[in-house]
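What you see below is based on every heavy atom in this structure, not just the backbone, and it leaves out hydrogens, waters and symmetry mates.
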Amino acid sequence: MEKNYILSVDQSTQGTKALLFDGQGQLLMRKDRAHRQIISPEGWVSHDPEEIYRNTVEVLRQVILDSGIDRNRIAALGISNQRETSAAWDRRSGKAAGHAIVWQCSRAASICSQMDQDRELVKRVTGMELSPYFPAAKFAWILRNREEAQKLSENGNLCLGTVDAFLIYRLTGGKVFKTDYSNASRTQLMDLAAGKFDGNLCGKFGVDSCCLPEIEDSDGYFGETDLEGTLKHPIPIRGVLGDSHAALFGQACLKKGMVKATYGTGSSIMMNVGDKPVFAKNGVVSSVGFKINHKMSYVLEGNLNYTGAVITWLKKDLGLIETDQETEKLAFEANPADETYLVPAFSGLGAPYWDSSARAAVIGMSRTTGRAELARAALSCIAYQITDVVKIMEAEAGIHPEALRVDGGPTRNRYLMQLQSDLLETRVLVPAQEELSGIGAAYAAGLAVGLYDERVFDRMERTAYEPEMKSEESSRLYKGWKAAVGRVLNS
């Protein structure tokens, strides 16, 4: 029987999506389910891995049943995942040992402070600045603060991993404990050049390397799953990538110098730098983009804590808007002379500043600043932050990108996309589909099993935004942003 469907899971910060693709790589159906955002009195952010796993199985089951496809014709499953979110679980039962620490959470900042003497070592080996953002410090925090995890570690039964590794473990009934190169490179425990977990660094963080998953190619074999009996015959898991890496792949950024930005709760900006790592010096990090067809592609990357989450803040916390879409209309209505800047350092600033002590601020308000101006400032801070990162990448790699390929819900906002093009003075390309992370994982899986070839990348339609603002004006606006950021650093 011909197998001509691909399933994909995009497990993101806010929820889990199941996507179904046909034999041409076209999206047929999507199902979503949100999970809880667990916020402690200290402001720590957590997720329940058990809830995430249940939701993953359920949305996959729904998309299979509601589509009415012959489930025997599904060729493979791909997985993209929120990356630095860190989980611990029992190797015997697969049961989570407490809640996962979400990537946004900086509760492990004190651990990084205690390792100040190791900063240069960490950067030299992993390509990343020492930060509580990454799983290494989060794993260390779990081991120091959770008695259950300590006992499991002592007995040799502790598993530590990112969300992809947890889902693979559970979907395969505990038979496979693997992660891919893209996720492994983000743990701050992997030697970037050698492509393996570094024993010395693991020791520095107090993490036993036996607790970590095996590293596999992004299009490698991650076991099989029947989705807890949903399928009569198990299917292989063949495409696994961190969500931003999956989006890079789905955007067809396969060549050196190609850049994409994912606009999600936070944002990841990536530049493909080819088959050799570029160890950046000025606020962006080096990672593996993906390893496909046995070929490693490295990236420069900058991560932002609050981009789409700023719009959520406007809506849920301030009550200034009822829907995300309102921000576009308000931004166009705002007073052009207003010079309000919002610096969204709600949990510190990520790339290129890496200041976990910075705090959010609204700067430059006047008596005429109102709802529309605040909404525009919230939108604009997304474009400013991404411009910060792309400019650093240009300097590090010596490449001015011909275009910025973008994805994520906020890319439907015309004001935001035009401002982004103006600030970067380059084309911004918005794909017709939003689900680039899930698409990237599906394409990797489909290519791995031979259902797709590289022509699958050519079928995506895109809307192009060209720079319209005069360079003098965009430079003036950006200079104002840099001044506003300077006022919150080291606060």
- Item | Between CD on residue Gln251 and CG on residue Leu254, distance to nearest 0.5 Å | 10.5 Å
- Task: Could you tell me which residues satisfy side chain to side chain donor-acceptor pair (under 3.5 Å) with Tyr465, sequence neighbours excluded, listed by chain and number?
- Result: none
- In terms of the angle between their ring planes, are Tyr415 and Phe332 parallel, tilted or perpendicular, with boundaries placed at 30° and 60°? perpendicular
- Stepwise salt bridge (Lys or Arg N to Asp or Glu O under 4.0 Å) check, Lys291 with Asp180: CA-CA 8 Å; Lys291 189 176 182 184; Asp180 92 300; over 6 Å; no
- Query: At what distance, to the nearest 0.5 angstrom, does CD of Gln14 lie from CG of Asp32?
  - Reply: 12.0 Å
- Query: Residues in side chain to side chain contact (heavy atoms under 4.5 Å, CB included) with Ser131, at least two apart?
  - Reply: Tyr133, Phe134, Trp354
- Message: With a 3.5 Å distance limit and no angle check, can you tell me whether Ser297 reaches the backbone of Lys295 through a side-chain donor-acceptor pair?
- Response: no
- Query: So which pairs with a foot in residues 247-273 pass salt bridge (charged side-chain N to carboxylate O under 4.0 Å, His left out), sequence neighbours left out?
  - Reply: none
- Item | Cationic tip of Arg170 above Tyr53 ring, under 6.0 Å, 45° of axis | yes
- So salt bridge (charged side-chain N to carboxylate O under 4.0 Å, His left out) across residues 362-385, not counting sequence neighbours, yields Glu326-Arg371
- Message: Quick check for you: to the nearest 0.5 Å, what is the distance between Tyr263 atom OH and Leu304 atom CG?
- Response: 9.5 Å
- Rounded to the nearest 0.5 Å, how far apart are CG of Leu19 and OG of Ser437? 9.5 Å
- Query: Taking the six-membered ring of Trp103, is NZ or CZ of Arg83 closer than 6.0 Å to its centre and within 45° of its axis?
  - Reply: no
- Could you list all the salt bridge (charged side-chain N to carboxylate O under 4.0 Å, His left out) pairs where at least one residue sits in residues 4-23, not counting sequence neighbours? Asp10-Lys17
- Message: Tell me which pairs pass salt bridge (charged side-chain N to carboxylate O under 4.0 Å, His left out) where either residue lies in residues 423-443, with sequence neighbours left out.
- Response: Arg30-Glu435, Arg412-Glu434, Arg427-Glu466
- Any side-chain heavy atom of Phe166 within less than 4.5 Å of one from Asn81? no
- Under 3.5 Å, is there a donor-acceptor pair linking the side chains of Ser475 and Glu472? no
